[in-house]
Protein chains: 2
Amino acid sequence: MRCLVPVAVDSPKSRLAPVLSPSERRAFSCAMAVDVLSTLRAADCQPTVLATAPIDDDRIASSLRVDVDDRPLSEAINARLVDGKPRLIVMADLPLIEPQDIRQLTDSDSDITIAPGLGGGTNALAVREPSFRVDYHGCSYRDHCRVADELAASVGAIDSRRLATDVDEPADLAEVLIHSDGTAASWLTTAGFELDTTDGRVGIVRR
Amino acid sequence: MRCLVPVAVDSPKSRLAPVLSPSERRAFSCAMAVDVLSTLRAADCQPTVLATAPIDDDRIASSLRVDVDDRPLSEAINARLVDGKPRLIVMADLPLIEPQDIRQLTDSDSDITIAPGLGGGTNALAVREPSFRVDYHGCSYRDHCRVADELAASVGAIDSRRLATDVDEPADLAEVLIHSDGTAASWLTTAGFELDTTDGRVGIVRR
């Protein structure tokens with residue numbers, strides 16, 4: 001199945017600004033993308049990176065096809081769905097995912113298979129209905145279910161904590177430190193982040 | 001498998017104080033417990049409610065065994081693990097869970113099977129190792145894995161968004177409105193809560 005991984009290059013992860021500088025956010029964002037791309041290849045997908053600008057990270061740019069498209073996310077993806085071929089779309093900020101999570105999407109028989117994110121987003125999506133188009137604005141999980149329904153397309157939902165955990169906010173960094181030992185987790189550790197449980201709840205601290 | 005569902009009766013869900021009054025928090029907490037108990041029965045479990053004080057909600061008190069134990073959570077549960085019999089422990093604030101999620105725990109062959117919550121907690125736990133004891137303080141997912149390892153007990157982890165979503169904070173209410181039509185979701189709707197996507201992200205608003 002053809003696979004698209006959208007990557008925002010210039011100002012990624014603005015909600016991590018309280019804990020990471022702009023250049024750190026770019027580096028951490030690339031580290032998460034490296035984890036996602038590695039998982040996709042381990043699941044026998046050959047991803048195309050859909051980047052808002054050229055990527056200067058060799059771990060990504062040297063080994064993968066990178067399509068540069070500076071249009072808004074939904075528009076750039078829909079331009080690639082017009083050929084009607086099945087496609088998997090996986091967000092680049094899911095550093096916890098494992099190959100079996102991707103196989104749940106690629107092996108699904110549904111016309112549209114959605115892995116909802118926390119907060120109602122669509123973290124991964126397998127599209128087998130040629131007329132389906134995406135709209136990532138707002139509560140896209142519900143919107144995508146409704147659009148599929150209007151097309152009389154069958155919908156499957158994947159119940160996965162790993163696929164649901166998109167890393168957007170400082171609290172999400174704890175999930176990476178707890179559950180992963182990949183590139184993004186190593187980046188956080190090298191940058192001095194640790195789990196902090198001093199008040200009985202789990203947070204992060206930077207040494 | 002014997003099943004325990006701990007319920008904090010007097011001052012539950014303090015982190016929902018910004019959006020719910022104390023009596024509303026008690027009512028919403030009971031509504032979530034009703035969803036959890038109903039799911040457990042649909043999965044052929046006969047839960048015992050482990051309550052910090054007597055429960056005056058007929059949906060719970062009239063049809064189920066309720067053990068009142070005012071000790072701290074871990075202590076009250078460990079007092080029931082000393083008989084060495086296998087036990088399932090499921091938190092009462094998981095209104096999204098479905099019977100197949102519970103069966104993943106009851107069908108597991110591991111000595112200890114954990115469904116981690118967001119933030120490193122232990123939302124559900126199947127204990128088949130007679131010497132295992134719980135400690136819900138801090139990053140209990142990691143701690144429980146470590147304790148199992150020290151006992152040379154096998155560990156399985158369940159990857160489920162529904163089991164991972166414990167409802168603690170106002171933002172978590174959106175998950176209930178998006179993904180459930182159970183008792184807790186109905187309570188929120190009746191109380192005037194709706195999804196709010198006016199700024200492009202998903203939040204909640206109370207009319």
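Reminder, nothing fancy here: chain letters follow the sequence lines and each chain counts from 1. What you see is a predicted model, and the numbers here were worked out from it, not measured in a lab.
Residue B:Tyr141 touches chain A through its side chain alone, counting heavy-atom pairs closer than 4.5 Å. Contacts of A:Thr198 with chain B are absent, with no heavy-atom separation under 4.5 Å from either backbone or side chain. Contacts between B:Leu177 and chain A at a heavy-atom distance below 4.5 Å involve the backbone alone (N, CA, C, O). Residue contact with chain A, scored on non-hydrogen atoms closer than 4.5 Å, involves the backbone and the side chain of B:Arg162 alike. In this structure, chain A has no heavy atom under 4.5 Å from any part of B:Asp196. Contacts between A:Asp101 and chain B at a heavy-atom distance below 4.5 Å involve the side chain alone, from C-beta outward. When heavy atoms are compared at a cutoff of 4.5 Å, B:Leu195 approaches chain A solely by way of its side chain, counted from C-beta outward.
B:Asp67 and B:Thr48 form no side-chain donor-acceptor contact under 3.5 Å, judged by distance and modelled atom types alone.
One finds a salt bridge joining A:Glu169 and B:Arg201 here, because a Lys/Arg side-chain nitrogen approaches an Asp/Glu carboxylate oxygen to under 4.0 Å. Under the 4.0 Å criterion applied to side-chain N and carboxylate O atoms, A:Arg146 and A:Asp143 are assigned as salt-bridge partners.
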Criterion side-chain hydrogen bond (donor to acceptor under 3.5 Å, both in side chains) on B:Asp35 and B:Thr183, from CA distance to verdict: CA-CA 6 Å; B:Asp35 282 337; B:Thr183 307; 3.1 Å; yes
Residues B:Asp69, B:Arg80; criterion salt bridge (Lys or Arg N to Asp or Glu O under 4.0 Å); working and verdict: CA-CA 11 Å; B:Asp69 190 326; B:Arg80 285 152 181 86; 2.8 Å; yes
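Most heavy-atom pairs under 4.5 Å with chain B: of the set A:Ser140, A:Ser160, A:Gly120, this distinction falls to A:Ser160. Of the listed residues (A:Glu175, A:His137, A:Glu98), the greatest number of heavy-atom pairs within a distance under 4.5 Å of chain B belongs to A:Glu175. Interface check for chain A: of the options B:Ala171, B:Ala157, B:Pro116, the most heavy-atom pairs under 4.5 Å are formed by B:Pro116.
Using cut-offs of 30° and 60° for the angle between ring planes, the A:Phe28 and A:Trp187 rings count as tilted.
Of all heavy-atom pairs spanning A:Val19 and A:Leu173, the tightest one is CG2-CD1, 4.0 Å.
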